[in-house]
Amino acid sequence: MSDTPVIIPRSDHPISRKWISQNAIRVLYRLKESGHLAYLVGGGVRDLLLGREPKDFDIATDAKPNEIKKIFRNCRLIGRRFRLAHIHFHDEIIEVATFRSSITDEESAVETAAKGPADALLPTHDALPVDSTASGPPGFAAVSAVQSSAHAERPRPPRMLKSGDGMILRDNVFGTPEQDAIRRDFTVNALFYGIADYAVIDYVGGMEDLRKGLIRIIGDPVVRFTEDPVRMVRAVRFAAVLGFEIEAKTYEALLDHKDKIALASPARMYEEVQKLFLLGEGEKTFQILRHTGMFGVLFPHVDAWIDTEEEGFPHIWVGKALEWVDTCVQAGRKVQPHILLCLMFGQYVEKKAARLRSGGMAPLDALDTAVAEFLAEIVTRVQVPRKVALAIREILWNQGRFEKTQGKAPLYFLRRPGFADAFEYLRFTSELTGERLELRAWWKEFIRAHPVMQGEAAQPPEKHAPAQARRPEGQKRRRRPRRRGPKPGTPKT
Ligand code: ATP
Ligand code: MG
């Protein structure tokens with residue numbers, strides 16, 4: 001790491017403006033015209049340098065959030081842990097962040113704080129609407145470079161807030177471009193691209209690590225993983241998706257400190273889990289997570305179950321499910337989170353349900369209990385939203401319906417909104433286990449023979465079944481009650 005950055009001129013790197021979103025270019029120019037520094041940063045620059053299509057374009061600037069808001073009418077400020085500006089365009093949101101600085105230990109002058117459940121104090125999502133009245137909770141070290149004493153009766157929230165354990169709870173201390181680069185997670189994620197001269201600016205040796213294919217944390221790995229344990233999960237994701245190695249010291253710290261992942265916000269971890277397994281390299285990601293023991297921290301019960309053997313074979317279900325999901329994603333199909341989780345953990349839940357049934361529980365109750373138990377097992381690590389949990393339960397519930405191939409039942413099932421998800425699960429399970437293959441073939445034929453019905457199932461109910469059509473026969477339409485008395489404003493006679 002050096003004070004003077006390495007500047008890679010346009011002639012020496014492959015980034016062309018053609019590959020950058022027009023909206024991002026517009027934002028960069030507008031900030032520059034308003035007298036500010038502004039760079040394209042993060043994964044966008046990394047991916048462009050690797051010849052990959054970036055997922056999104058992030059911008060960093062010296063303009064403060066309120067200044068950004070004044071420059072762009074289409075701007076919304078979001079986030080508490082990390083305050084950001086979102087510039088809204090017709091089909092895209094460009095994220096603009098003010099350069100940050102991480103406060104050093106000397107500056108922080110951390111008051112000794114009672115240790116507590118830091119996790120409970122993190123916002124459930126990074127991008128929560130700003131709550132300007134929130135202040136640091138008691139028992140935690142509040143570190144603020146700019147905390148105002150003028151507002152004694154209503155103190156401003158601290159810009160930097162760390163738990164007694166060193167975990168970052170809020171992170172809004174503004175800084176220089178260099179400070180901003182070194183507080184990012186990995187060297188390959190800390191490269192800047194500017195429109196003033198189209199050069200790439202490298203403060204942290206990111207270009208060299210890109211060439212070597214290394215995921216290297218910036219700074220002391222133990223400090224950086226303690227500040228934010230989600231960085232460990234991100235390291236694995238980038239290694240798998242980019243096909244990179246995790247650098248030796250980074251890897252060592254990850255092995256030693258993986259248990260801290262359990263301290264991260266479960267809601268944030270749910271978002272990360274989707275990124276881990278839905279980017280087309282889920283199976284590879286899973287192998288690295290298992291190898292490092294991180295899968296066991298995230299999903300301890302499932303991890304233990306994978307290690308048990310059935311008929312002499314360890315459970316291969318989760319890896320096979322992820323291979324299936326990867327094939328879909330690589331073919332350009334979007335896999336919804338409830339399908340992902342159901343495919344990954346379906347067998348684990350079904351085995352639980354089978355045990356409950358053999359203990360005398362009714363089948364649907366057993367399934368409900370099994371799903372609830374599974375969610376309770378993971379909720380302190382990964383918090384699955386209720387809507388997603390219900391969708392998982394519905395897929396498993398619906399599996400029994402495939403057996404009913406007589407009378408009107410198949411047509412009725414086909415028209416239900418949950419049919420497609422349930423059938424996806426049947427396709428996967430029959431392929432993996434070799435069971436129910438005939439049933440799957442029967443349904444495939446049935447679907448082919450009823451294309452219209454399938455179309456109907458795919459549409460929202462109101463489109464093909466207007467309110468009148470759904471009214472039971474013989475029931476009259478209710479009229480709006482007639483207004484009694486004169487209309488408001490009618491002169492009294
Ligand atoms: P992706 O391709 O998945 O979007 P990304 O690198 O752009 O990858 P983002 O989550 O979009 O990842 O974050 C943008 C940038 O913000 C990162 O490249 C990194 O520089 C920085 N960043 C994100 N999360 C962290 C973190 N937990 N700690 C430090 N820096 C982070
Ligand atoms: Mg990104």
Side-chain angles (χ1 to χ4, degrees), residues 20-21 24 39-61 78-79 81-86 92-103 122-123 125-127 160 162 166-173 175 177-193 200-206 209-210 215-221 223-244 250 254 260-261 263-265 268-269 271-282 285 329:
I20 304 173
S21 125
Y39 301 112
L40 195 66
V41 293
V45 182
R46 177 200 67 215
D47 289 346
L48 289 169
L49 286 167
L50 290 172
R52 300 168 60 92
E53 191 184 339
K55 233 170 56 204
D56 43 37
F57 292 95
D58 299 330
I59 288 171
T61 176
I78 60 148
R81 181 177 173 278
F82 194 111
R83 208 168 179 208
L84 288 172
H86 271 180
E92 191 180 13
I93 293 174
I94 302 290
E95 213 165 83
V96 183
T98 308
F99 296 133
R100 309 285 151 126
S101 158
S102 50
I103 284 201
L122 276 169
H125 288 277
D126 278 359
M160 168 65 83
K162 282 189 183 183
M167 197 155 102
I168 293 179
L169 301 178
R170 191 176 292 137
D171 184 9
N172 281 320
V173 177
E178 184 191 357
Q179 286 169 334
D180 188 82
I182 63 175
R183 61 159 292 288
R184 289 176 181 273
D185 47 6
F186 306 105
T187 57
V188 295
N189 283 351
L191 295 162
F192 293 4
Y193 169 86
V200 170
I201 306 170
D202 181 4
Y203 288 99
V204 293
D209 284 341
L210 265 189
I215 299 297
R216 183 197 308 268
I217 194 109
I218 299 170
D220 179 338
V223 173
R224 303 304 311 283
F225 285 153
T226 305
E227 277 176 357
D228 183 1
V230 172
R231 289 175 185 148
M232 291 185 254
V233 180
R234 288 172 60 86
V236 172
R237 165 155 68 91
F238 293 126
V241 170
L242 304 175
F244 280 22
T250 307
L254 190 150
K260 292 190 174 134
I261 293 170
L263 296 171
S265 149
R268 188 168 167 221
M269 201 50 84
E271 304 294 328
E272 282 302 320
V273 163
Q274 288 177 62
K275 291 186 199 163
L276 282 172
F277 299 123
L278 286 177
L279 294 180
E281 295 292 349
T285 306
V329 173

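FYI, the numbering just counts along the sequence from 1. Counting starts at 1 for both ligands and their atoms, following the listed order.
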Open item on the list: So R234 and D185, do their side chains get closer than 4.5 Å, heavy atoms only?
Closed with: yes

- [ ] Return yes or no for this condition: an N or O of D185 is under 3.5 Å from an N or O of ligand 1.
- [x] yes

- [ ] Taking only heavy atoms of R183 into account, list the atoms of ligand 1 that are under 4.0 Å away from them.
- [x] 29 (C)

Open item on the list: Taking the side chain as everything from C-beta on, heavy atoms only, tell me whether E53 gets closer than 4.5 Å to L48.
Closed with: no

- [ ] Report yes if the side chains of V188 and F238 come closer than 4.5 Å at any heavy-atom pair, otherwise no.
- [x] no

Task: Side-chain donor-acceptor contact under 3.5 Å, Q179 with S102 - done: no

Task: Distance-only donor-acceptor check, side chains N189 and R184, under 3.5 Å - done: no

- [ ] Of all N, O or S atoms in D56, identify the one at the shortest distance from the Mg ion (ligand 2).
- [x] OD1

Task: K55 and ligand 1 - part of the residue with a heavy-atom distance under 4.0 Å - done: side chain

TODO: Mind checking whether F186 contacts ligand 1 via backbone (N, CA, C, O), side chain (CB onward), both or neither, at a 4.0 Å heavy-atom cut-off?
DONE: neither

Open item on the list: Please find the pair of heavy atoms, one from L254 and one from F225, that lie closest to each other, and give the distance.
Closed with: N-CE1, 3.8 Å

Task: Numbered atoms and elements of ligand 1 in range of F238, under 4.0 angstrom, heavy atoms - done: 6 (O), 8 (O)

Open item on the list: Any non-hydrogen side-chain atom of L191 less than 4.5 Å from a side-chain atom of V41?
Closed with: no

Open item on the list: Can you tell me which portion of D56 lies within the under-4.0 Å heavy-atom range of ligand 1? Options are side chain, backbone, both, or neither.
Closed with: side chain

TODO: Only heavy atoms count here, so choose which of V241, N189, D47 is nearest to atom 20 (O) of ligand 1.
DONE: N189

Task: Under-4.0 Å heavy-atom contact with ligand 1, by part of D58 that carries it - done: side chain

TODO: Using a strict 4.0 Å cut-off to heavy atoms of D228, name the atoms of ligand 1 that fall inside it.
DONE: 26 (C), 27 (N)

TODO: Please identify which atoms of ligand 1 are closer than 4.0 Å to at least one heavy atom of G42.
DONE: 18 (O)

Open item on the list: Check the orientation of Y203 and F192. Use parallel for under 30°, tilted for 30 to 60°, and perpendicular for over 60°.
Closed with: perpendicular

TODO: Report yes or no: does a heavy atom of E95 sit under 4.0 Å from some atom of ligand 1?
DONE: no

TODO: Measure the shortest side-chain to side-chain distance between P221 and R224 over non-hydrogen atoms and say whether it is less than 4.5 angstrom.
DONE: no

Open item on the list: As an exercise, identify every atom of ligand 1 less than 4.0 angstrom from a heavy atom of R268.
Closed with: 27 (N)

- [ ] Record the part of E227 in heavy-atom contact with ligand 1 below 4.0 Å; permitted values are side chain, backbone, both and neither.
- [x] neither

TODO: Pick whichever of R234, R184, K275 has a heavy atom sitting closest to atom 23 (C) of ligand 1.
DONE: R234

- [ ] Identify the heavy atoms of R237 and L279 that sit nearest to each other, and give their distance.
- [x] CD-CD1, 3.7 Å

TODO: List every atom of ligand 1 that sits less than 4.0 Å from any heavy atom of G43, numbering the atoms from 1 in the order shown and giving each element.
DONE: 5 (P), 6 (O), 7 (O), 18 (O)

- [ ] Heavy-atom contacts with R231 under 4.0 Å: which atoms of ligand 1 show up? List them by number with element.
- [x] 26 (C), 27 (N), 28 (N), 29 (C)

Task: Close N or O approach (R224, ligand 1; < 3.5 Å) - done: no

Open item on the list: Less than 4.0 angstrom from a charged side-chain N to a carboxylate O is my criterion; do R268 and E271 meet it?
Closed with: no

